[in-house]
Amino acid sequence: MGEKVVICAAVVGAEVMRDRSPAVPYLPAEIAQAAVDAWRAGASVVHLHARWPDGRPSQEPAHFREIVDRLRAAGCDVVVQCSTGGAVGMSVDERLGALVEGAEMGTLNLGTMNFGDDVFLNARPDIVRIAARLRERRVVPECEVYDAGMLDTLRWLLEKGHLARPYHVQFVLGVPGGMAGDERNLRFLVEGLPEPAHWSVAGIGRCELPMAEIALRIGGHVRVGLEDNLFVSKGVLAKGSHELVSLAVKAARAAGREPATPSEARGLLGIAPPVKA
Ligand code: KMH
Ligand code: ZN
């Protein structure tokens with residue numbers, strides 16, 4: 001039996017709207033329910049964005065607080081990871097709004113890139129600033145790596161002391177403007193890590209499950225969910241992120257790996273147990 005696998009559910013992102021799938025949650029109550037469903041299906045981490053009621057992306061602290069409160073009120077002990085990436089065009093101040101009380105992990109996007117037809121801006125001083133805020137708040141960084149040069153930024157952050165263990169690395173592959181999601185790219189990135197680190201892969205679109213299967217085989221962790229992919233199979237929309245988590249659980253067991261519980265995930269990722277209120 002291989003190392004337990006941390007399955008992260010990205011239950012909603014900033015881009016995909018309900019016209020593409022009725023399952024995309026908008027309200028904090030809907031996002032919290034999607035996260036609870038994903039946790040019940042086997043996710044040990046949830047990656048959170050928030051939305052305004054009309055679906056526009058939100059980094060409002062009140063929205064994130066409500067999601068976290070609802071999760072905990074439902075008895076859900078999933079690891080809470082909040083997005084500091086937000087949506088393209090948001091200021092860093094706005095993006096930092098997601099780091100509310102109860103956030104255990106926070107994303108740290110490691111570079112500027114084309115993001116579809118937009119530009120996702122992450123200038124180096126902004127990366128340093130977000131890393132400092134994560135450190136101040138004792139939130140474990142998850143470094144989002146979309147392209148190989150971002151590993152050099154990771155090495156630089158470590159060398160300059162802007163980042164230190166524990167941190168986690170997420171290879172987000174298949175964004176138009178970043179590296180494609182295939183095995184050669186993933187192996188190249190894993191070999192390029194500046195030091196041994198826990199890593200995971202999020203394949204965008206149709207490469208979500210194939211990339212998860214490769215990661216399971218070569219010792220990584222996985223992220224699935226509606227932020228990254230809407231379909232369980234060609235032309236069949238997922239009813240929610242929980243269906244994608246169930247497919248990841250099945251793939252993990254087929255690869256001889258059991259899903260980690262949230263407390264096992266905290267142990268693996270160096271996250272302190274949540275403080276009981
Ligand atoms: N919405 C993307 C532009 C993150 O969550 O940190 C950025 C993103 C990354 O989703
Ligand atoms: Zn995200």
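Whatever order the structure lists them in is the order used to number ligands and atoms, beginning at 1.
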Trainee: Could you check ligand 1 for N or O atoms lying under 3.5 Å from protein N or O atoms and list the pairs with distances?
Mentor:
residue, atom, partner, partner atom, Å
ligand 1, 1 (N), E15, OE2, 2.7
ligand 1, 1 (N), G86, O, 2.8
ligand 1, 5 (O), H47, NE2, 3.1
ligand 1, 5 (O), H49, NE2, 3.1
ligand 1, 5 (O), S83, OG, 2.7
ligand 1, 6 (O), S83, OG, 3.4
ligand 1, 6 (O), G85, N, 3.3
ligand 1, 6 (O), T107, OG1, 2.7
ligand 1, 6 (O), N109, ND2, 2.8
ligand 1, 10 (O), H49, NE2, 3.3
ligand 1, 10 (O), E227, OE2, 3.0

Trainee: Partners of E142 by salt bridge (charged side-chain N to carboxylate O under 4.0 Å, His left out), sequence neighbours excluded?
Mentor: none
Trainee: Do H242 and W39 have ring centroids that are under 6.0 Å from one another?
Mentor: no
Trainee: Taking backbone and side chain together, does E227 place any N/O/S atom at a distance below 2.8 Å from the Zn ion (ligand 2)?
Mentor: yes
Trainee: Any side-chain donor-acceptor pair under 3.5 Å between Y26 and D54?
Mentor: no
Trainee: Tell me whether M211 is reachable from I7 by hopping between hydrophobic residues (I, L, V, M, F, W, Y) whose side-chain heavy atoms are closer than 4.5 Å.
Mentor: no
Trainee: Could R155 and E195 be called an ion pair, given the rule that one side-chain N must be under 4.0 Å from one carboxylate O?
Mentor: no
Trainee: Answer yes or no: is there an ion pair linking E66 with R70, defined by an N-O contact shorter than 4.0 Å?
Mentor: yes
